[in-house]
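Below is one structure, written out as structure tokens, with a few remarks after it.
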Amino acid sequence: ISSWNPSPHSRAPKHSNWSILEFSCRLPSCTSLKLGNFESQYALPWLRFFAWFGGNAMEDMSDMFYGCHNLMAIRALDTSSVTNMLGAFRDCALLEALPQLETSKVTTMEETFTSCSALQYIPAMDTGAVENFRYTFESCFALKALPWLNTQSVIDMENAFACCRSLKSLPPLSMAGPPGEWSLGNSFYSCCGLQKLVFTDTGSWPGSLVDISDSALDHDAVVALIN
């Protein structure tokens, strides 16, 4: 696809019966493209592979693949102008492969990877400008590590890593934002494999409720966290 002119069938009331398995495009002037939707009847549930070659003008990725339950791989995607990734890959339960994503301008990653339950690895992303990490990785059951994660601008991390059962480690998490008093609620709930948790840049952070129930933090790790 090199151009996009909406036709009557694209305005059909429901798209959930479209059997599109692969979608490739080159749309340099396009500012937004949605193959998913929080209302499942408007998503493409059978889509498996996606590629957007070349540059684009996209700033908003919200709900871009939300509800594409069979999506397995993103082969190419320029995100260099994106600021909003709200729900971009939410409920992509079979997603296993992502390309390197340029995210230095992104400020919102709320629910970006929520329920991407098969995703084990995410290539390094620049998250230094992200303020909203609410539910970002919730229920990413297979995700093992996020060594590149930068939380220096974060204000809200509610449920950010909840139910990441395979997550064993996180880099030191900066609280320089600073996050609000309730902004870490359930962030680490049911992180059954998490063995260490460290907060840095806590000078202006008022502190928050931190739920570490069902984590694997031992006595020494908990003492180090408190101190």
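For the numbers below, each heavy atom of this structure counts, side chains included, while hydrogens, waters and symmetry mates do not. The chain is numbered in sequence order, starting from 1.
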Please tabulate, for the side chains in residues 65-75, all donor-acceptor contacts under 3.5 angstrom to protein atoms that are two or more places apart in sequence or on a different chain.
from, atom 1, to, atom 2, distance (Å)
Tyr66, OH, Arg90, NE, 3.4
His69, ND1, Asp91, O, 3.2
His69, NE2, Gly67, O, 3.4
Asn70, ND2, Pro45, O, 2.8
Arg75, NH1, Glu22, OE2, 2.6

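Every residue meeting the side-chain contact (heavy atoms from CB on, under 4.5 Å) condition with Tyr121, not counting sequence neighbours, appears here in chain and number order: Pro123. Qualifying side-chain contact (heavy atoms from CB on, under 4.5 Å) partners for Ala57, counting only residues two or more places apart in sequence or in other chains: Thr31. Under the rule for a side-chain contact (heavy atoms from CB on, under 4.5 Å), the partners of Thr200 that lie at least two apart in sequence or sit in another chain are Pro172, Ser174, Val198. In this structure Asp60 satisfies the salt bridge (charged side-chain N to carboxylate O under 4.0 Å, His left out) test with no other residue, sequence neighbours excluded.
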Determine whether Cys25 and Leu33 satisfy the following criterion, side chain to side chain contact (heavy atoms under 4.5 Å, CB included), listing intermediate values before the conclusion. CA-CA 11 Å; Cys25 63; Leu33 181 64; 4.2 Å; yes

Starting from the C-alpha separation in whole Å, work towards a yes-or-no answer on side chain to side chain contact (heavy atoms under 4.5 Å, CB included) for Phe199 and Leu184. CA-CA 12 Å; Phe199 296 132; Leu184 270 73; 3.8 Å; yes

Which is it for Asp156 and Arg134 under the salt bridge (Lys or Arg N to Asp or Glu O under 4.0 Å) test, yes or no, and what are the steps along the way? CA-CA 6 Å; Asp156 197 340; Arg134 295 181 76 246; 3.3 Å; yes

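In terms of heavy-atom proximity, Ser187 sits nearest to Met157 at OG-O, 2.5 Å. Across every non-hydrogen atom of Ser204 and Ala176, the tightest pair is OG-O, 4.1 Å. Residues Leu47 and Leu35 come closest through the heavy atom pair CD2-CD1, 3.7 Å. Closest approach of Gly128 to Ser153, counting heavy atoms only: O-OG, 2.6 Å. A pairwise comparison of heavy atoms in Leu170 and Leu149 identifies CD2-CD2, 4.3 Å as the closest pair. Taking each heavy atom of Phe137 and Leu143 in turn, the nearest pair found is CD2-CD2, 3.9 Å.
The ring-ring contact (aromatic ring centres under 6.0 Å, His included) analysis of residues 174-197, with sequence neighbours excluded, yields the pairs Phe161-Phe188.
In terms of hydrophobic clustering, with Ile, Leu, Val, Met, Phe, Trp and Tyr side chains grouped at heavy-atom distances under 4.5 Å, Ile155 and Met175 are assigned to different clusters. When hydrophobic clusters are built by joining Ile, Leu, Val, Met, Phe, Trp and Tyr residues whose side-chain heavy atoms come closer than 4.5 Å, directly or via intermediates, Ile20 is grouped together with Phe89.
When side chains are defined from C-beta on, Arg165 counts as touching Cys192, because their heavy atoms get closer than 4.5 Å. You'll find the side chain of Leu197 stays beyond 4.5 Å of the side chain of Cys191, heavy atoms only. Pro171 is not listed as a side-chain neighbour of Pro147, based on a closest heavy-atom distance of 4.5 Å or more. The closest side-chain heavy-atom distance from Phe50 to Leu44 is not below 4.5 Å. Between Phe113 and Leu98 the shortest side-chain heavy-atom distance falls below 4.5 Å. Inter-residue side-chain proximity for Val82 and Thr103 is flagged as unmet; no heavy-atom pair is nearer than 4.5 Å. Residues Leu77 and Met61 have side chains in contact (heavy-atom distance under 4.5 Å, counting atoms from C-beta outward). Here the side chains of Val106 and Thr127 are not in contact, with every heavy-atom distance at 4.5 Å or above.
Using modelled atom types, one side-chain atom of Gln100 and one backbone atom of Ala124 make a donor-acceptor pair closer than 3.5 Å. Using modelled atom types, one side-chain atom of Thr112 and one backbone atom of Met85 make a donor-acceptor pair closer than 3.5 Å. Proximity of a side-chain donor or acceptor of Thr136 to a complementary backbone N or O of Met109 within less than 3.5 Å is detected. With hydrogens and angles disregarded, a donor-acceptor distance shorter than 3.5 Å links the side chain of Ser166 to the backbone of Phe141. At distances below 3.5 Å, not a single donor-acceptor pair connects side-chain atoms of Asp201 with backbone N or O atoms of Gln152.
Other residues, nucleotides and ligands place no more than 12 heavy atoms under 6.0 Å from the NZ atom of Lys105.
Between Asp78 atom CG and Leu27 atom CG the span is 12.0 Å, to the nearest 0.5 Å. Between the SG atom in Cys163 and the CG atom in Asn186 there is a gap of 9.0 Å [rounded to 0.5 Å]. In this structure, CG on Asn159 lies 10.0 Å from CD on Glu111, to the nearest 0.5 angstrom. One finds the CD atom of Glu138 at 8.5 Å from the SG atom of Cys164 (value rounded to the nearest 0.5 Å). Distance CG/Leu86 to CG/Asp63: 6.0 Å, rounded to 0.5 Å. Note that OG of Ser32 is 10.0 Å distant from CG of Asn84, once rounded to the nearest 0.5 Å.
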